[in-house]
2 protein chains.
Amino acid sequence: MNAKTTPLLSLTPLEKTPAQGVNLWVYHSLRRALMCGQIEPGLPLTIRGLAELMHVSPMPVREALHRLTCEGAVEVRDNRRVMVPQMTAARFKELYELRIVLETHAAESALPYCRPEHITELERLDALIDLAYQHSDTGEGSLANQEFHRYLYQRNPFQVAVPLIESIWLQLGPFVRFAKSKLTQHYRIDRHKEALQALRQQNAFALRRAIEADIRDGLASIQAVEGIHEHFKEQALSA
Amino acid sequence: MNAKTTPLLSLTPLEKTPAQGVNLWVYHSLRRALMCGQIEPGLPLTIRGLAELMHVSPMPVREALHRLTCEGAVEVRDNRRVMVPQMTAARFKELYELRIVLETHAAESALPYCRPEHITELERLDALIDLAYQHSDTGEGSLANQEFHRYLYQRNPFQVAVPLIESIWLQLGPFVRFAKSKLTQHYRIDRHKEALQALRQQNAFALRRAIEADIRDGLASIQAVEGIHEHFKEQALSA
DNA sequence: TCGATATAATTGTGATCACAAATTTTCTAA
DNA sequence: TTAGAAAATTTGTGATCACAATTATATCGA
């Protein structure tokens, strides 16, 4: 195996569950590793290398990589090499703007379907976020945060936006994780509380504002990281 | 091959180009067939069946189907059968709303990058749409319409919304094509002209309004089709 | 004839192989 | 020592196979 992929030694596969099948297990493990910033952007991922690392045949890895490609999490270069793209400032900005557009829409579309028991569950999920941050576990905090948002948006049984939102999260994941590892403290206004209040009041405007503010707060905390801008790849205009 | 898949006999693969590779050719052929309503919703697609029909081995078909699954164009059922989902009224509505949300945003984000030569090209693309409709070729008209929108949004070199928008188009494609086949005449306000004017004036508000009106006009024309509502699948709430 | 069971066939997934393309390593000449 | 060419190795894609799961067909009994 090419030494350039040794950063993958930090890859921690999820527990194997037989019901899931190798295919899904590989996908979820890679997805998790990617979201947690365990895969170095710019380094080529090889099918056989990952298969060896995860003790599976190349087929499920191949399919998982293709799926992650489809979701925007990894990109295929001209030489057919697959890798996590390096983040550029402009793309980062576009992804965050799109996140706001999509998530405020998804939240509002879910509003009519939110029942008191849903709000109770959201409160529980929000408490899990607080717990993670109390333990200074930003990885768990991020995943719990996503679970909160995902649960909310999926209260709409006809919701079609979630796969799109997940794709944006995936694309932002590595860089956000890196940035958050530089944070020395996590002080946050709990916009989720504001969202919950808006849900109780069935106030669409307030809900959109809370979700947007939540996302912008997250963006601001990343931008406040000293020297973060130097970690963006020099951006090149499309050919 | 299972007789239930015989509707695929209407599948017209694109011309094979060696530079493209079998994989991409199969994908683009299936994508095109799907978008043009050549694949009956609800009927199972089999890998080997399609491979035989397209004179390729099952591998490229398998990967193309998985990619189309990822893009929301087809869905995998519990029994692992892949098929084009039947459209429900609620999902149709959500997809159109999301289309408006995404495309108005994408257009606005492209606005600062639009040059006179881009507007000239958009005029040319708009003329192609008119030409298609003059020939009563709604299939070509739809594809040309998409090309107009795609070109516009991609004027922003950092645009990240287009794969998401394409996914929505893909999901809407079969039903829209079916609905348009029932239209006896195509009278449309040319919202593209309004969009072009907004671009010339660098007027973001007017641009958003034109794109939104364009999409809503398209929606209205479909809803005006007599009996169209009876072609939606009975909707079931998520378990 | 109908329903249940058994058998046969089909299907998607994972494994493995072959090959062209891409990359790395080795060799040679200046 | 360096640059270029040749050779060796690796890589992704497409082909094919095996197997468990699913579906279709045949058989049997009431």
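Since we're looking at a predicted model, the values are computed, not measured. Convention: sequence-line order gives letters A, B, ...; per-chain numbering from 1.
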Residues which pass side-chain hydrogen bond (donor to acceptor under 3.5 Å, both in side chains) with Q146(B), listed by chain and number, not counting sequence neighbours: none
Distance in angstrom units between M54(B) CE and dG14(D) P, rounded: 12 Å
Any donor-acceptor N/O pair, Q159(A) side chain to Y153(A) backbone, under 3.5 Å: yes
Partner set under ring-ring contact (aromatic ring centres under 6.0 Å, His included) for F148(B), not counting sequence neighbours: H192(B)
Separation of L43(B) atom CG from dT23(D) atom P, in whole Å? 15 Å
The correct set of residues in residues 59-66 of chain B placing a heavy atom under 4.0 Å from DNA chain C is R62(B), H66(B)
Please enumerate all residues that pass ring-ring contact (aromatic ring centres under 6.0 Å, His included) together with Y27(A), with sequence neighbours excluded. none
Can you check the M83(A) CE to dT11(D) P distance for me, whole Å? 13 Å
Please determine if K182(A) and E226(A) form a salt bridge, counting it only when a charged side-chain N lies under 4.0 Å from a carboxylate O. no
Just to verify, what does E108(A) make a side-chain hydrogen bond (donor to acceptor under 3.5 Å, both in side chains) with, not counting sequence neighbours? R208(A)
What nucleotide among dG14(C), dG14(D), dG12(C) has an atom nearest to a side-chain atom of N23(A)? dG14(C)
Under 4.0 Å from any atom of DNA chain D, heavy atoms only: list the residues of residues 74-81 of chain A that qualify, in numerical order. R80(A), R81(A)
Let me know the distance between CZ of R67(A) and P of dG12(D), rounded to the nearest Å. 20 Å
I need the CG-P distance between L24(A) and dT13(C), as an integer number of Å. 10 Å
Rounded to the nearest Å, what distance is computed from the CD1 atom of residue I47(B) to the C1' atom of nucleotide dA21(D)? 14 Å
Can you list everything that forms a salt bridge (Lys or Arg N to Asp or Glu O under 4.0 Å) with R67(B)? Sequence neighbours excluded, please. E71(B)
Using atom CZ of R48(B) as one end and atom P of dA18(D) as the other, report the distance to the nearest whole Å. 12 Å
For H231(B), check ring-ring contact (aromatic ring centres under 6.0 Å, His included) against everything at least two apart and list the hits. F178(B)
Can you sort out the partners of R77(B) under salt bridge (Lys or Arg N to Asp or Glu O under 4.0 Å), two or more places apart, ordered by chain and number? E75(B)
